[in-house]
Amino acid sequence: MTDPPRWIAHLDMDAFYASVELLRYPELKNQAVVIGGGRRHQPELQPDGTRRFAKLRDYAGRGVVTTATYAARDYGVHSGMGLMKAALRAPEAILLPTDFEAYRRYSRLFKQAVADIAPVIEDRGIDEIYIDLTRVPGVHDAVGHDRLGGVRAVAQDIRNNVRRATGLTCSIGVTPNKLLSKIASELDKPDGLTVLTMADVPLRVWPMAVRKINGIGPKAGAKLQALGIRTIGELAACERAWLVEHFGRSYGAWLHDAARGADDRPVVTSSEPVSMSRETTFDHDLHAVRDRAALSRIFTELCEQVAADLQRKGYAGRTIGIKLRFDDFKTVTRDLTLPDATADAAVIRRAAGLCLKRVDLARRIRLLGVRAGSLMRGARNLQPAAALVAREPEPDADILPLFGDTDDSA
């Protein structure tokens, strides 16, 4: 028996973080809302029961936009943009703080809603997944004169189930492979459903810019443009040998295949993470001495968050590391390998503190991060690395002064 034709879906939640916030603050529906603020931007409840929201025009600092509602995107605001720059484009936009715990909770809800219908899922992050629909009952059935009616119906069932479970909308692209489905999920956003066959590629995909192909980044896109190639169709017209000559054997061959919509990658239902990390960029640079208390609090919170992530997912890490970015944008990393893997917050804090001692903290700090690597699965019951804890003084006697070993004049 031959295998049935593949149907692969890419599901992308619509403006995910912002949409979760709109569930909490429905009065902001259809307004320009930007997510990316800090705790001080928490809405204030007024005596009359209404809420007072922070405005983007009043923001001062170096934070970036995590996401924005579609109304804010109409002003040119997008993820990764500096909040100060965004304020110039949409000064009256509402600014809300990020709440990653809420986003992770809704992420779990929508993925379970999908799994109830189509369990073969590849997790690609907090707000997107690939789904193999090939063997879902009814997916290959025609509905009336629509030979693709079955796959449309299954995809619509998934969208409906996600909305019932979360109150949120998503966009789904369904095609014969992952590469095309990633493109298709963007075609009718928000709240869209797009089904494409290989016969649709010349009409729907080839007119698009080459950067729409996931895997063509800024450098490759700029090089293609310099060579006179702007659309996917123009790329598809290039000879394989010519692309290999200009982009190398592997990437050139991939470009040739990708432009034609060829992709045989399977939906991978499980993958082992390489590391888990948490980091934060400060609204203003912090000084290792004068801001020692704030840095120590943030440092401890990051370690606790990494430990919680490890414990929740059943991992422990042997290599603990830190990341710092200074006011001159220089980034420094240090790491330490423990004798035993751990998911204990105190041990992670201790090891990260030892890493911190190996960094010159003379400059002001812009970003601080903590990372656990060399992960081991099934590590929920591992004991803390007692030897590491035993040979070091108590945290308050050691970790706090780590931010005080520099010259005050810096």
Side-chain angles (χ1 to χ4, degrees), residues 100-101 104 271-282 285-408 410:
F100 287 106
E101 290 303 319
R104 282 190 283 270
S271 61
E272 296 294 327
V274 176
S275 64
M276 296 186 192
S277 63
R278 292 295 191 104
E279 64 181 45
T280 185
T281 300
F282 308 130
D285 300 332
L286 298 182
H287 190 279
V289 175
R290 288 189 285 274
D291 300 304
R292 183 175 66 185
L295 280 166
S296 182
R297 175 182 54 78
I298 295 166
F299 179 72
T300 299
E301 289 176 354
L302 291 171
C303 294
E304 290 172 346
Q305 290 166 358
V306 170
D309 292 342
L310 290 167
Q311 293 166 17
R312 185 176 64 254
K313 297 181 180 180
Y315 286 91
R318 278 197 68 201
T319 301
I320 306 301
I322 61 167
K323 173 182 176 182
L324 296 102
R325 182 168 296 136
F326 296 102
D327 56 2
D328 61 354
F329 288 89
K330 179 181 179 181
T331 301
V332 173
T333 61
R334 297 288 188 271
D335 58 56
L336 172 68
T337 298
L338 305 176
D340 304 300
T342 185
D344 182 88
V347 176
I348 292 172
R349 188 179 189 271
R350 173 69 56 207
L354 294 175
C355 294
L356 196 60
K357 282 186 171 181
R358 293 155 45 201
V359 180
D360 180 0
L361 299 175
R363 301 200 68 96
R364 293 178 179 273
I365 301 168
R366 178 184 178 90
L367 174 148
L368 179 62
V370 177
R371 169 184 172 274
S374 303
L375 301 184
M376 296 175 56
R377 180 173 276 282
R380 293 186 187 277
N381 298 318
L382 283 181
Q383 297 299 312
L388 180 67
V389 176
R391 69 171 180 260
E392 294 293 333
E394 288 302 309
D396 286 346
D398 185 48
I399 296 297
L400 292 181
L402 289 174
F403 294 103
D405 293 336
T406 59
D407 184 355
D408 254 340

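In this chain, residues are counted from 1 in sequence order.
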query: In terms of side-chain heavy atoms, does Thr337 have a donor or acceptor partner in Arg318 at a distance below 3.5 Å?
result: no
One should read off an interatomic distance between Thr280 OG1 and Gln305 CD, to the nearest 0.5 angstrom, of 8.5 Å
Rounding to 0.5 Å, atoms CG (Leu324) and CG (Asp360) come to a distance of 11.0 Å
Sequence neighbours excluded, the answer for side chain to side chain contact (heavy atoms under 4.5 Å, CB included) partners of Asp327 is Asp285, Arg363, Arg364
With sequence neighbours left out, the residues meeting side-chain hydrogen bond (donor to acceptor under 3.5 Å, both in side chains) with Thr333 are none
Those residues at least two apart in sequence (or on a different chain) that pass salt bridge (charged side-chain N to carboxylate O under 4.0 Å, His left out) with Glu301 are Arg39, Arg297
field: Ile322 side chain reached by Val359 side chain, heavy atoms, under 4.5 Å
entry: yes
Across all chains, not counting sequence neighbours, the side-chain hydrogen bond (donor to acceptor under 3.5 Å, both in side chains) partners of Ser374 are Thr319
Contacts of Arg358 meeting side-chain hydrogen bond (donor to acceptor under 3.5 Å, both in side chains) (sequence neighbours excluded), chain-then-number -> none
Between Leu286 and Ile298, is any pair of side-chain heavy atoms under 4.5 Å apart?
yes
What one should report as the nearest heavy-atom pair of Ile365 and Leu361 is CD1-CD2, 4.3 Å
Separation between CG (Leu302) and CD1 (Ile348), nearest 0.5 Å, reads 11.5 Å
Rounded to the nearest 0.5 Å, the CG atom of Leu336 sits from the CD1 atom of Ile320 at a distance of 8.0 Å
Salt bridge (charged side-chain N to carboxylate O under 4.0 Å, His left out) filter on Arg278, not counting sequence neighbours, yields Asp309
Taking every heavy atom of Ala372 against every heavy atom of Leu310, the minimum-distance pair comes out as CB-CD1, 3.9 Å
Distance col, row Leu368:CG vs Arg325:CZ, nearest 0.5 angstrom, shows 11.5 Å
For Leu338 and Ala351, the nearest pair of non-hydrogen atoms, with its separation, is CD2-CB, 3.8 Å
Taken in chain and number order and not counting sequence neighbours, the residues that satisfy side-chain hydrogen bond (donor to acceptor under 3.5 Å, both in side chains) with Glu279 are Lys323
inquiry  = Is any side-chain heavy atom of Arg104 closer than 4.5 Å to one of Arg312?
reply    = yes
Here the pair of heavy atoms bringing Ala352 nearest to Cys303 is CB-SG, 4.2 Å
Heavy-atom closest pair (Gln311 atom, Ala343 atom, distance to 0.1 Å) is NE2-O, 2.5 Å
In this structure, CZ of Arg349 is separated from CZ of Phe299 (nearest 0.5 Å) by 6.5 Å
- Taking the side chain as every heavy atom from C-beta outward, state whether Phe282 and Leu367 have any atom pair closer than 4.5 Å. no
